[in-house]
K.L.:
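I am attaching a structure below and will ask some questions about it afterwards.
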There are 2 protein chains.
Amino acid sequence: MSDSADLKKAGLKATLPRIKILSILEAAKVRHMTAEDVYKALLETGEEVGLATVYRVLTQFEAAGLVIRHNFEGGRSVFEINQGSHHDHVVCVECGEVFEFYDPAIEERQRKVAESLGFDVDSHSLYMYGMCLGMKRHGHCSKKDGH
Amino acid sequence: MSDSADLKKAGLKATLPRIKILSILEAAKVRHMTAEDVYKALLETGEEVGLATVYRVLTQFEAAGLVIRHNFEGGRSVFEINQGSHHDHVVCVECGEVFEFYDPAIEERQRKVAESLGFDVDSHSLYMYGMCLGMKRHGHCSKKDGH
DNA sequence: GTGTAAACTAGAATCATTCCCATGCAAAAG
DNA sequence: CTTTTGCATGGGAATGATTCTAGTTTACAC
């Protein structure tokens, strides 16, 4: 399978936990998952994987560029598969839904600001928090239930 | 003093811990402080304030709009006095220095994106992480020592 | 001044995450 | 295809940040 090859390409041994975690992230209906979410998904598939391993592997995946870690409000990290295309995030604080967007003008202005400061940017993140349309209109989200 | 008045205006009793914490945040040479930083600064002034109180008060200040909480990389919250003027942040991962900037074009594009999604934005944050000029040039930051 | 609700302190508890180390397993070598 | 070798894993303990709890103190209205 290709997950195994992807891991090797990233310089990581193709172990069972890593393959499983990668496939869960790829197949996830909800793209943005906490370590706990991934752990629960593993348990549901009947895998015997420790929570410590999930954290360790997600951190390795982040270092290898396979996943992106986000520090949203709330103090826990969420992860999403890195599909190569950078995008920013809009988070509904009511239902937890995460919307993605990309705005070339914003990216360009950010680049200019960093340049003017003589700053080498490794990564950047733009998050907007608020209430989504579904919550405003119907008191529940159009895509999923409130947490 | 005006700190006491500011607190009452925000609907908070003017207690000693609150007054002290507010004045520390206002007088801070380094604008962005963790709860631990604030706690240590209190101890240095000889105040007997519990760490739990610092966390509670900072959260109340955030709810009252007196301070802004940031969730930078690293998992701990940092706080800064809310001086009314929104700005975004550039964080040097080498020396910890935080630079602030404001770009009206970015703000406008964000507003448009939210509008197109029908999203009511409560707050938004834009962080860039990387290496500052001082670290690149001299191996140390121009403004302060590495952490 | 006095009463009362709100706020405080210290320490225990909780939550997310990481560490530790004996055992397991993937990839390289034979 | 077996052995070797070392990185990876699992589970529980440890850590660090933050929050809760209980009993005590304090700000402020009357």
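Predicted, not measured: the structure shown is a model, and the values here were computed from it. Throughout, a chain's letter reflects where its sequence line sits, starting with A, and its residues are numbered from 1.
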K.L.:
Is the shortest side-chain N/O distance from B:S77 to OP1 or OP2 of D:dA17 below 4.0 Å?
P.N.:
no
K.L.:
Could you state the CZ-P distance from A:F72 to C:dA16, rounded to the nearest angstrom?
P.N.:
17 Å
K.L.:
Is there a side-chain contact between B:R56 and the phosphate of C:dC8, meaning an N or O under 4.0 Å from OP1 or OP2?
P.N.:
yes
K.L.:
Judged by each residue's nearest nucleotide on DNA chain C, which is more toward the 5′ side, A:K8 or A:A52?
P.N.:
A:A52
K.L.:
Using the benzene-type ring in the case of Trp, are the ring centres of A:Y127 and A:H70 under 6.0 Å apart?
P.N.:
yes
K.L.:
When the distance from CD1 of A:I21 to P of D:dT9 is rounded to whole Å, what number comes out?
P.N.:
8 Å
K.L.:
What's the CG-P distance between A:L22 and D:dA8, to the nearest Å?
P.N.:
16 Å
K.L.:
Tell me whether the side-chain N/O atoms of A:Y55 come closer than 4.0 Å to OP1 or OP2 in C:dT18.
P.N.:
no
K.L.:
Classify the nucleic acid contact of A:T34 as base, sugar-phosphate or nothing, counting any heavy atom under 4.0 Å across all strands shown.
P.N.:
nothing
K.L.:
CZ of A:F99 to CG of B:L117: how many Å apart, nearest 0.5 Å?
P.N.:
6.5 Å
K.L.:
Under the criterion side chain to side chain contact (heavy atoms under 4.5 Å, CB included), which of A:L58, A:T59, A:V78 is the partner of A:R69?
P.N.:
A:T59
K.L.:
Within this structure, what is the CD1-to-C1' distance between B:I19 and D:dC28, rounded to whole angstrom?
P.N.:
13 Å
K.L.:
Distance check, rounded to the nearest 0.5 Å: B:K40 atom NZ versus B:L51 atom CG?
P.N.:
10.0 Å
K.L.:
Between A:H89 and A:E80, do the side chains contain a donor N or O and an acceptor N or O under 3.5 Å apart?
P.N.:
yes
K.L.:
Using atom CG of B:L7 as one end and atom C1' of D:dT26 as the other, report the distance to the nearest whole Å.
P.N.:
15 Å
K.L.:
Grab the CZ-P distance between B:R69 and D:dT19 for me, whole Å please.
P.N.:
6 Å
K.L.:
To the nearest Å, how far apart are A:K13 NZ and C:dC25 P?
P.N.:
12 Å
K.L.:
Which sits closer to the 5' end of DNA chain D, B:L16 or A:Q60, going by the nucleotide each is nearest to?
P.N.:
A:Q60
K.L.:
Which one, C:dC8, D:dG10, D:dA8, comes nearest to the side chain of A:T15?
P.N.:
D:dA8
K.L.:
At under 4.0 Å between heavy atoms, what does B:L51 touch on the DNA or RNA strands: base, sugar-phosphate, or nothing?
P.N.:
base
K.L.:
If I take atom CD in residue B:E48 and atom C1' in nucleotide D:dT26, what distance separates them, rounded to the nearest angstrom?
P.N.:
16 Å
K.L.:
Start at the 5' end of DNA chain D and walk down; is the nucleotide closest to B:F79 or to A:V49 reached first?
P.N.:
A:V49
K.L.:
Does a side-chain N or O of B:R18 approach OP1 or OP2 of C:dA7 to a distance below 4.0 Å, or not?
P.N.:
yes
